[in-house]
Amino acid sequence: MVKSIRDTTILNNGVHMPWFGLGVYKAKAGKEVENAVHHAIELGYRSIDTAALYENEASVGQAVRSSGLKREEIFLTTKVWNTDQGFENTLRAFETSRKKLNVDYVDLYLIHWPGRDKFKDTWRALEKLYREKYIRAIGVSNFDVHHLQTLAEDAEFTPAVNQVEYHPRLTQKAVHQYCKEQKIQLEAWGPLMRGRILDHPLLVELAAKYGKTPAQIVLRWDLDTEVVTIPKSVHRDRLEENANVFDFTLSQADIERIRDLNQDERTGFDPNEFLF
Ligand SMILES: NC(=O)C1=CN([C@@H]2O[C@H](COP(=O)(O)OP(=O)(O)OC[C@H]3O[C@@H](n4cnc5c(N)ncnc54)[C@H](OP(=O)(O)O)[C@@H]3O)[C@@H](O)[C@H]2O)C=CC1
Ligand SMILES: O=C(O)C(=O)[C@@H](O)[C@H](O)C(=O)CO
């Protein structure tokens, strides 16, 4: 059982990654994201998920530096965006992200989307940066089983993490199973289904049963199914609510009831259709 906000999963290269963190997609650069990161750190969060796409890396870096935490006390993830895929482009994109974050190294660097045919070259760039110790762990995002299999054909390192859309309406059975077998840590994006599932009667029922909120039930379900979770909020009360999931656990029967809500329903792109 994951017992504390500081608990970590040990990735396939031995790096510790917090089970719980803050996502900052759509958190505006400047005060909005800086305040969210400050509140989160005060509340005990130790992992932040950003991306070049989100255009807030500089503010995230600034907020972490001014929080007073030592660099090694925070786990920073960022991602290479689709238009920067390819070997040389990725090396350049990483350097841009690293400078914006104003850090010597990034904890986790992900290929944001697989796309059509550049992800192998992109992966070679991540492997180089990993070997050179600019990145502590390298991974992917939105990869289906077939993408992972194709990547494995000539990769030196197995991805440490696959970050995919994951919530009760999209339980990713095949990807989850494959990642378990390959020791790839699954990470949930959109864990709250971007707010669209919190009034579901089952979640409301379970919230009453456990004395929690529907958001807390869903986030606990992530942890109880061994999936790293990074809910986004820019509001202190919600940041606190979302993090308050370490004093209970769901029964196996309730875990299965939530899993049964699956309808393979996405809020974002289908990686097999989002081609570039
Ligand atoms: N790799 C990828 O392709 C993707 C990665 N991500 C990452 O995953 C993170 C999380 O996913 P995201 O898409 O943001 O969606 P989430 O499922 O985390 O939902 C975020 C939305 O829910 C609201 N919210 C947060 N907490 C609560 C609460 N307790 N009660 C009610 N509403 C709440 C937020 O609003 P408010 O801020 O106003 O509180 C926001 O509108 C992203 O921020 C990003 O870091 C996301 C999408 C794709
Ligand atoms: O937030 C991200 O990291 C994304 O890649 C997505 O939000 C994606 O671009 C999308 O779903 C846009 O609607």
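For ligands, and for the atoms within them, numbers begin at 1 and follow the listed sequence.
Below 3.5 Å of separation, one finds no N or O of Ala215 facing any N or O of ligand 1. Polar contact with ligand 1: absent for Ala188 (N/O pair, distance under 3.5 Å). At under 3.5 Å, a nitrogen or oxygen of Val24, whether backbone or side chain, sits near a nitrogen or oxygen of ligand 1.
The protein non-hydrogen atom at the shortest distance from atom 42 (C) of ligand 1 is Tyr25 CB, 3.5 Å. For atom 20 (C) of ligand 1, the closest non-hydrogen atom of the protein is Lys232 O, 3.5 Å. Nearest protein heavy-atom contact of atom 9 (O) of ligand 2 is Phe269 CE1, 3.7 Å. The single protein non-hydrogen atom nearest to atom 4 (C) of ligand 2 is His112 NE2, 3.6 Å, given as residue, atom name and distance.
The ring of Tyr166 has its center closer than 6.0 angstrom to the ring center of Trp221.
Each of Arg98, Arg71, Lys133 was compared with Asp107 under the salt bridge (charged side-chain N to carboxylate O under 4.0 Å, His left out) criterion, and only Arg71 meets it. Shown are Tyr105, Trp81, Tyr109; of these, the ring-ring contact (aromatic ring centres under 6.0 Å, His included) with Phe94 is made only by Tyr109.
Heavy atoms of Lys79 found under 4.0 angstrom from ligand 2: none, in either backbone or side chain. Neither the backbone nor the side chain of Trp189 has a heavy atom within less than 4.0 Å of ligand 2.
The environment of NZ in Lys26 is sparse: at most 12 heavy-atom neighbours from other residues, nucleotides or ligands sit within 6.0 Å.
Atoms of ligand 2 lying under 4.0 Å from any heavy atom of Tyr54, numbered from 1 in the order shown and given with element: 1 (O), 2 (C), 3 (O). Listed by number with element, the atoms of ligand 2 under 4.0 Å from a non-hydrogen atom of Gly268 are 11 (O). The Arg194 neighbourhood of ligand 2 comprises atoms 6 (C), 7 (O), 11 (O), with distances under 4.0 Å to a heavy atom of that residue.
In this structure, of His167, His235, Glu32, the residue bringing a heavy atom nearest to atom 38 (O) of ligand 1 is His235.
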